Amino acid sequence: AQSVTQPDIHITVSEGASLELRCNYSYGATPYLFWYVQSPGQGLQLLLKYFSGDTLVQGIKGFEAEFKRSQSSFNLRKPSVHWSDAAEYFCAVGPWGTYKYIFGTGTRLKVLA
Amino acid sequence: DAGVIQSPRHEVTEMGQEVTLRCKPISGHNSLFWYRQTMMRGLELLIYFNNNVPIDDSGMPEDRFSAKMPNASFSTLKIQPSEPRDSAVYFCASNSGQGQETQYFGPGTRLLVL
């Protein structure tokens with residue numbers, strides 16, 4: 001069955017520290033992978049997406065993600081976290097050419113000043 | 001661009017009442033999606049429209065839920081009668097519907113059914 005797992009429900013980091021949010025997926029075909037961010041009271045905003053090509057993908061707000069097929073992972077990283085990055089982050093997977101994304105349950109990021 | 005617009009942003013109602021949520025997709029987008037977000041189930045796709053036609057409503061939880069898209073710039077999600085377990089955040093999203101396009105989400109409607 002298709003699924004997305006975000007093993008960390010909450011993560012707390014200090015401002016300026018590096019960040020890695022984990023995402024593992026189970027998918028039969030080549031997946032189309034996304035990371036979205038949801039700030040409090042807001043909708044989801046796309047950070048980055050991957051389908052093919054370079055396995056290291058750059059997104060907005062200084063985020064990047066690396067696709068590792070052998071590990072079925074698509075982890076999100078940022079070298080230096082800012083207080084404004086405090087939000088909930090969702091990983092999603094979907095088949096190419098369709099609309100049916102499967103979302104993970106999210107990781108809530110807290111940033112300490 | 002104004003983005004996806006949803007109204008109301010917050011709705012509190014009593015069990016048994018009818019609730020109508022509204023969505024205006026981004027101009028030019030021909031695909032529209034309704035999602036529900038709860039702590040227990042995360043983000044779930046309820047229904048997908050393409051060119052105003054419902055393509056996939058397999059995620060609609062039961063007959064109490066209905067959705068319409070009378071034109072390219074407006075959609076509604078109706079719950080009648082509402083129940084406390086319908087309390088959730090409901091998101092509308094849209095995209096151009098061409099291939100694997102990014103879905104753009106609205107700010108959501110937070111529904112509380114007492």
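Predicted, not measured: the structure shown is a model, and the values here were computed from it. Naming convention: chains lettered A, B, ... in sequence-line order (proteins, then strands); numbering from 1 in each chain.
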Chemist: Given that the side chain runs from C-beta out, which part of B:Y104 has a heavy atom under 4.5 Å from chain A: side chain, backbone, both or neither?
Modeler: neither
Chemist: For A:L46, is it the side chain, the backbone, both, or neither that has a heavy atom closer than 4.5 Å to a heavy atom of chain B?
Modeler: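 The side chain, not the backbone.
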Chemist: State whether A:K61 and A:D85 are salt-bridged, where the test is any N-O pair (Lys NZ or Arg NE/NH1/NH2 against Asp/Glu carboxylate O) under 4.0 Å.
Modeler: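 No, A:K61 and A:D85 are not salt-bridged.
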Chemist: Please classify the contact between B:R9 and chain A as side chain, backbone, both or neither, with a heavy-atom cut-off of under 4.5 Å.
Modeler: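 Side chain only.
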Chemist: When rounded to the nearest 0.5 angstrom, what distance separates CG in A:L76 from CD in A:E66?
Modeler: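 One gets 12.0 Å once the value is rounded to the nearest 0.5 Å.
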Chemist: Tell me, side chain or backbone of A:Q38 under 4.5 Å from chain B's heavy atoms, or both, or neither?
Modeler: side chain
Chemist: If we only count heavy atoms from C-beta on, is the B:F33 to B:N95 side-chain gap below 4.5 Å?
Modeler: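 Heavy-atom side-chain distance check passes, below 4.5 Å.
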Chemist: Please classify the contact between B:T38 and chain A as side chain, backbone, both or neither, with a heavy-atom cut-off of under 4.5 Å.
Modeler: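 For B:T38, neither part sits under 4.5 Å from chain A.
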Chemist: Angle between ring planes, A:Y36 versus A:Y101, binned at 30° and 60°: parallel, tilted or perpendicular?
Modeler: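 Ring orientation of A:Y36 relative to A:Y101: tilted.
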Chemist: How long is the gap from CD on B:E83 to CG on B:L114, to the nearest 0.5 Å?
Modeler: 13.5 Å
Chemist: Could you check whether A:K78 makes a cation-pi contact with A:F63, meaning its NZ or CZ is under 6.0 Å from the centre of the six-membered ring and within 45° of the ring axis?
Modeler: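 Geometry flag: set, cation within 6.0 Å and 45°.
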Chemist: Is it the backbone or the side chain of B:L45 that comes under 4.5 Å from a heavy atom of chain A, or both, or neither?
Modeler: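 B:L45 touches chain A through side-chain heavy atoms alone.
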Chemist: Tell me, for B:E44 versus chain A, whether the close heavy atoms (under 4.5 Å) come from the side chain, the backbone, both or neither.
Modeler: neither
